[in-house]
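Remarks on the structure that follows.
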Amino acid sequence: MSTPEPQGAPGAAAEELVLQIAGLEKTFNPDRPNAVTAISGLDLAVRPREFVSIIGPSGCGKSTLLRLVGGLIEPTAGELSVNGRSAQEARLARDYGMVFQAAGLLDWRSAIRNVELPLELMGWSKSRRRARAVEMLKLVDLGGFDSHYPSELSGGMQQRVAIARALSFEPALLLMDEPFGALDEMTREHMQAELLKIWRETATTVIFITHSIPEAVFLSTRVAVMSARPARIAAEIPIELPERTPLVRDTEEFFRSVSRVRRTLRSVEAT
Amino acid sequence: MASSSTSRRQRARRSLIFAVFLVALALLYTGYKAVGQAIDDTQRDWWVVGSFLPRSDDKNMPPVLDILAEFGKAPREGGTTIGKLTFDGALFTLREAAVGFGAGTIIGLAIAVVLLQSRRAERGVLPYVIASQTVPLIAIAPIVVVWGRTNFGFLPWEWEDWMSVSLIATYLTFFPVAVNGLRGLQSPSPEATELMQSYAAGRRQVLRRLQLPASLPFLFPAFRIAATASVVGAIVGEISAGVRGGLGRLILDFAGKYITGPERLYVAVIGACITGLVAVGAVALAERLVLARRGELAR
């Protein structure tokens, strides 16, 4: 079994890491008979501009991990730092852009006003946030849909608005929890290509939760495989593909990476 | 363009349906009256419809045209017409109702926001909010008026009796607003709330940008209920508290003179109906404007 040491970064200094997790533990209802340890002894390190997918058996605590990283819930034990800060501090410093499986747009706001929401909360001036929102909608190929309301957009378009919204304030870390899980296969592949383009253009660091192996392989520079509950990172697999275009899905390297992840996942599930 | 013309056509159609409905109602009334009267006049056997349905002479059911004509008549020669009296009374009552509605909305929303802060507060206070509505209005109305005359001297403005009636209307309106408002404020999904947290939004920002807008679809039905309740509350409040100037007093007066002129009471009742419709219509209009701004009419 592989070690959880980040690949290709032996002895990387702490300040070079966007995210550093060591010995993380999360127990729900700790002092009660129905206590559940969702995560235990989890280590993970993410460098700037990495695209790390986290994959694992369903119900293994992937979303819990993401919410711990995002500072939405507190760990029971262990260390977690984002750019040298605690998750709470990082959240309050608005280091995170989050995208969930449900786009979570506000129905009563047009696309552009949805993208503006975080900027509004951060006190940006109207003209500045409008300009940024226009730019972000163009980035996700939704220029011209500014004044459309969520109900007038398809699922994929809604998810793109959610991505634009998450990236609008240039967060240090983009946290995505199965963002394409509710989309059909065609839209999903299109969105993956789109996300890669955005990732390249914005130089964002991405942590991406998924249960689709091909999706993880196509998108990521590294795939972290989680074990079943209590969860930890059981293996990390660097992904090297000759190119990141839709065509790569038909290449030998792609298949090899997919089957490697699949085998690792199977061995993790077996234990 | 096309959509605006269809909506105009729809609106015209709706007005037409309403007019047809009114005419049908008048015809039904007249028809029943004619049949009932004919039966009443011929026989009174137990199996005859007319003997156990309400009697339908001119005292019980004045002719429609007489009721309409009553609008233009004046109780005293050369004095104010019944129609004008009813209109003035309706305005007076509408003002009481509007003030009561406004105050009830503010109080209801405030209660909802407070109860939103903790489950414990919700569990502890909500039963009392519900219990408050079981107090009979007729019983508290005179108390409120007496209080208003004797105990509200500390207020920076002079307390008038109609304000007591507004207070009674407030008592009826705050309840649906508080209950539906709380449900609406609690309606955003956990994801939406977590998203706001991830932006490090404060409690007030979450309230203003997420919870309040999300509660509007829950609030408008409550506003409709509150609008009718405020008008009914104002009329009942006027009657039981003996406040003059509004529809309640007018109904009481006209009821006293029913034997000599039953049409008047019908006019006042029609006035009360229209007042209620105006109140609900105002809420519906506000709802349309708000939803249009939110782009929810485009669907």
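The figures here come from the full heavy-atom set of this structure, side chains too, leaving out hydrogens, waters and symmetry mates. All chains are named by letter (A, B, ...) in the order of the sequence lines, taking the proteins before the strands, and each is independently numbered beginning at 1.
Nearest heavy-atom pair, Trp199(A) versus Glu50(A), reported as atom, atom and distance to 0.1 Å: NE1-O, 3.8 Å. The minimum heavy-atom distance linking Val243(B) with Val165(B) is given by the pair CG2-CG2, 3.6 Å. Shown here for Val177(B) and Gly104(B), the closest heavy-atom pair between the two residues is CB-O, 4.5 Å.
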Report task. Mind running salt bridge (charged side-chain N to carboxylate O under 4.0 Å, His left out) on Arg109(A) and Glu120(A) for me, showing each step along the way? Result -> CA-CA 13 Å; Arg109(A) 281 170 169 252; Glu120(A) 226 171 284; 2.9 Å; yes
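Ring-plane geometry between Phe51(A) and Phe208(A) is classed as tilted, the angle between the planes lying from 30 to 60 degrees on a 0 to 90 degree scale.
For the 3.5 Å distance criterion, the side chains of Thr210(A) and Glu215(A) qualify, holding a donor opposite an acceptor. No side-chain donor from either of Trp162(B) and Thr93(B) sits under 3.5 Å from a side-chain acceptor of the other. In this structure, a donor-acceptor pair under 3.5 Å is absent between the side chains of Gln211(B) and Gln205(B). Under the 3.5 Å distance criterion, with hydrogens and angles disregarded, no donor-acceptor pair is assigned to the side chains of Arg183(B) and Gln186(B).
At a heavy-atom cut-off of under 4.5 Å, chain B is reached by Arg165(A), Phe169(A) from residues 159-174 of chain A, listed in order of number. Interface with chain B: from residues 67-78 of chain A, residues Arg67(A), Leu72(A) qualify, criterion being any non-hydrogen pair under 4.5 Å.
Heavy-atom contacts from other residues, nucleotides or ligands closer than 6.0 Å to CD of Glu79(A) number 12 or fewer. Applying the 6.0 Å contact sphere to CG of Asp31(A) captures no more than 12 heavy atoms from other residues, nucleotides or ligands.
For Leu121(A), the parts lying near chain B are the backbone and the side chain together; criterion is any non-hydrogen pair under 4.5 Å. For Leu216(B), no part lies near chain A; criterion is any non-hydrogen pair under 4.5 Å. In this structure, the portions of Ser198(B) lying under 4.5 Å from any heavy atom of chain A include both its backbone and its side chain. Of the two parts of Leu117(A), only the side chain, counted from C-beta on, holds a non-hydrogen atom closer than 4.5 Å to a non-hydrogen atom of chain B.
With respect to chain A, the highest number of heavy-atom pairs below 4.5 Å among Ala201(B), Ala192(B), Ala214(B) belongs to Ala214(B). Per-residue heavy-atom pair counts under 4.5 Å with chain A were compared for Glu194(B), Arg208(B), Glu191(B), and the maximum is reached by Glu194(B).
One N or O on the side chain of Glu238(B) and one on the backbone of Leu247(B) form a donor-acceptor pair closer than 3.5 Å.
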